[in-house]
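These notes concern the structure reproduced below.
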Amino acid sequence: MKPLDPNIVREYDLKLFVSGASPNSLKAINNIRRILEAHVSGKYDLQIIDVYQEKSIAQREQIVALPMLVRKHPLPERRLIGDMSNELKVIEGLGLNHDA
């Protein structure tokens, strides 16, 4: 996967908070990548944050459950909890249904 050009503004700015390499975390990572590529390929920036390694970020973002996906942009911010296996709920929760 090649690095994103920092000069390109993406339509969707997302952060996925996970707990290490747990099965639920790996499932959430795979599911959200698949969904994003299918619906908004090239239009998103996804940052994966391991709360065990980045405790201060998790505290600042007030993460209460894991895995948690946070859509920072476009506003309003939206949060989804779970392994992202229900594609329809993820699409609706992130507001991607207008792009599908």
Side-chain angles (χ1 to χ4, degrees):
M1 186 182 243
K2 64 183 189 180
L4 296 175
D5 183 340
N7 298 317
I8 296 174
V9 176
R10 304 283 188 244
E11 288 183 41
Y12 296 93
D13 181 16
L14 306 160
K15 294 182 180 185
L16 179 62
F17 293 88
V18 298
S19 55
S22 72
N24 248 9
S25 294
L26 297 175
K27 192 172 185 182
I29 292 166
N30 291 331
N31 286 337
I32 195 59
R33 283 183 174 159
R34 177 183 48 78
I35 292 167
L36 293 172
E37 281 302 310
H39 295 278
V40 290
S41 182
K43 298 179 182 178
Y44 70 91
D45 182 24
L46 175 64
Q47 183 179 1
I48 298 170
I49 300 163
D50 182 346
V51 298
Y52 292 134
Q53 309 239 339
E54 303 286 343
K55 290 179 183 163
S56 63
I57 294 174
Q59 288 173 337
R60 186 172 61 243
E61 294 285 339
Q62 298 178 339
I63 302 305
V64 295
L66 297 170
M68 179 181 284
L69 182 67
V70 179
R71 185 189 77 183
K72 300 300 262 181
H73 184 80
L75 294 174
E77 182 177 290
R78 293 188 179 181
R79 293 172 174 236
L80 300 173
I81 298 169
D83 66 11
M84 310 299 142
S85 59
N86 186 328
E87 185 168 346
L88 183 58
K89 281 190 176 182
V90 173
I91 291 168
E92 290 175 353
L94 293 178
L96 304 180
N97 45 345
H98 67 278
D99 292 338

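Because the structure is predicted, anything quoted here is derived from the model rather than measured.
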message = What I want to check is whether the side chains of Asp83 and Ser85 have a donor and an acceptor closer together than 3.5 Å.
response = yes

Give the cluster check for [X] versus [Y]: same hydrophobic cluster or not, with ILVMFWY residues linked at side-chain heavy-atom distances below 4.5 Å.
{"X": "Ile57", "Y": "Val64", "value": "yes"}
{"X": "Leu16", "Y": "Leu66", "value": "no"}
{"X": "Met68", "Y": "Leu14", "value": "no"}
{"X": "Val70", "Y": "Ile49", "value": "yes"}

Atom pair [atom1]/[atom2] of [X] and [Y] - distance to nearest 0.5 Å:
{"X": "Arg34", "Y": "Met84", "atom1": "CZ", "atom2": "CE", "result": "12.0 Å"}
{"X": "Leu94", "Y": "His39", "atom1": "CG", "atom2": "NE2", "result": "10.5 Å"}
{"X": "Lys15", "Y": "Arg79", "atom1": "NZ", "atom2": "CZ", "result": "10.0 Å"}
{"X": "Tyr12", "Y": "Leu36", "atom1": "OH", "atom2": "CG", "result": "9.5 Å"}
{"X": "Glu92", "Y": "Asn86", "atom1": "CD", "atom2": "CG", "result": "8.5 Å"}
{"X": "Ile48", "Y": "Ser25", "atom1": "CD1", "atom2": "OG", "result": "10.0 Å"}

Paired with Tyr44, the side-chain hydrogen bond (donor to acceptor under 3.5 Å, both in side chains) test is passed by just one of Glu37, Glu11, His73, namely Glu37

> Hey, does the side chain of Arg71 reach the backbone of Pro76 with a donor-acceptor pair shorter than 3.5 angstrom?
Replying inline: yes

Discussion item. Between Asp50 (side chain only) and Gly20 (backbone N and O only), is there a donor and an acceptor less than 3.5 Å apart?
Written reply: yes

Nearest heavy-atom contact between Gly93 and Leu80 is CA-CD2, 3.9 Å

### Message
Does Glu61 form a salt bridge (charged side-chain N to carboxylate O under 4.0 Å, His left out) with Lys72? I'd like the steps, not just the answer.
### Response
CA-CA 11 Å; Glu61 294 285 339; Lys72 300 300 262 181; 3.0 Å; yes

With Leu69 as partner, the option from Asn31, Leu46, Ile81 fulfilling side chain to side chain contact (heavy atoms under 4.5 Å, CB included) is Leu46

